[in-house]
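One structure is given below, encoded as structure tokens.
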Amino acid sequence: MSITIKTQEEIEKMRVAGRLAAEVLEMIEPFIKPGVTTDEINTICHDYMVNEQDVIPAPLNYHGFPKSICTSVNYVVCHGIPNNKPLKNGDIVNLDITVIKDGYHGDTSKMFYVGNVAPHAQRLCEVTLECLYKGMALVKPGARLGDIGHVIQKHAEANHYSVVREYCGHGIGIGFHEDPQVVHYGTPGTGVELQEGMCFTIEPMINAGKRHVKTLKRDGWTVETLDKRLSAQWEHTLLVTADGFEALTKRKDETF
Ligand code: MF3
Ligand code: CO
Ligand code: CO
């Protein structure tokens, strides 16, 4: 496969898809409370996407994924499957939303706090968001993907956290996961050179403990930290513009 440069018409469709994905995260916010199950959150998001937004929830049946969103709680790194277990006070949960609108994908995720969350867990979530923002800030034509990976790794490790290696950001468009792979570690001045019109995600997964992960054999999807310590993730879909980037999945609560 190769990296596609989006046309003006495609960029407009990517903007629409990105905004719709962001709006799902804005819509679901007030529902994230102790006692709600991730299945209930999945159903609310599914119905909103299908009935209000007229979009396709991209995860549903994607390589056999059984639900419409990913819900990754505490030491789940990514690809958590919504289930009937209630969220409890102090949990942190990532909701990862991907919509398809008019053939194009918008992909975004954020961390939510369930009730009162311990300061160490809040700090992991905050530093992981900073990792995403530091990576985004480097996006412009001529920058290299290694620059982005490096700044993310540096910030995570300076805070005594680790970067998950097995999963990465990705090109996005007509395809859910297009080239290039956007890893969240690396060396400045290496890797793909960015060009105006590229669209890709940055979605760092940062662990409080060691970087190693395992996929549950039981369901083939859920990725957990091996040491069962917390993991956090945030994701945006980005467009490379002439002089920087546009965050296609920017939410109202964000000020960059
Ligand atoms: N949304 C995830 C990503 O950011 C991919 C989820 S694939 C699924 O790339 F099948 F688990 F939904
Ligand atoms: Co993604
Ligand atoms: Co995603």
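Both counts, for ligands and for their atoms, begin at 1 and track the order of listing.
For Lys250 and Phe256, the positive end sits near the middle of the six-membered ring, less than 6.0 Å away and at most 45° from its axis. A cation-pi arrangement, defined by a distance under 6.0 Å to the six-membered ring centre and an angle within 45 degrees of its axis, is present between Lys110 and Phe112. With Tyr185 as the aromatic partner, Arg165 meets the cation-pi criteria of under 6.0 angstrom to the ring centre and within 45 degrees of the ring axis.
When the side-chain contact (heavy atoms from CB on, under 4.5 Å) test is applied to His160, no partner is found at least two apart in sequence or on another chain. The side-chain contact (heavy atoms from CB on, under 4.5 Å) search around Asn83 returns Thr38, Lys85, not counting sequence neighbours.
The distance from the CG atom of Leu20 to the CD atom of Gln53 is 4.5 Å, given to the nearest 0.5 Å.
If you run side chain to side chain contact (heavy atoms under 4.5 Å, CB included) between Leu95 and each of Ile32, Thr108, Val24, only Ile32 comes through.
Residues His63 and Phe176 keep their aromatic ring centres 6.0 Å or farther apart.
Annotation: protein N, O or S atoms under 2.8 Å of the Co ion (ligand 2) (waters excluded) comprise Asp107 OD2, His170 NE2, Glu203 OE2, Glu235 OE2.
When heavy-atom distances to ligand 1 are checked against 4.0 Å, the residues falling inside are Pro59, Tyr62, Phe65, Cys70, His79, Asp96, Thr98, Asp107, His170, Phe176, His177, Glu203, Trp221, Glu235, ordered by chain and number.
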### Task
Step by step, work out the side-chain contact (heavy atoms from CB on, under 4.5 Å) result for Asn159 and Arg123.
CA-CA 10 Å; Asn159 284 277; Arg123 203 171 151 276; 2.7 Å; yes

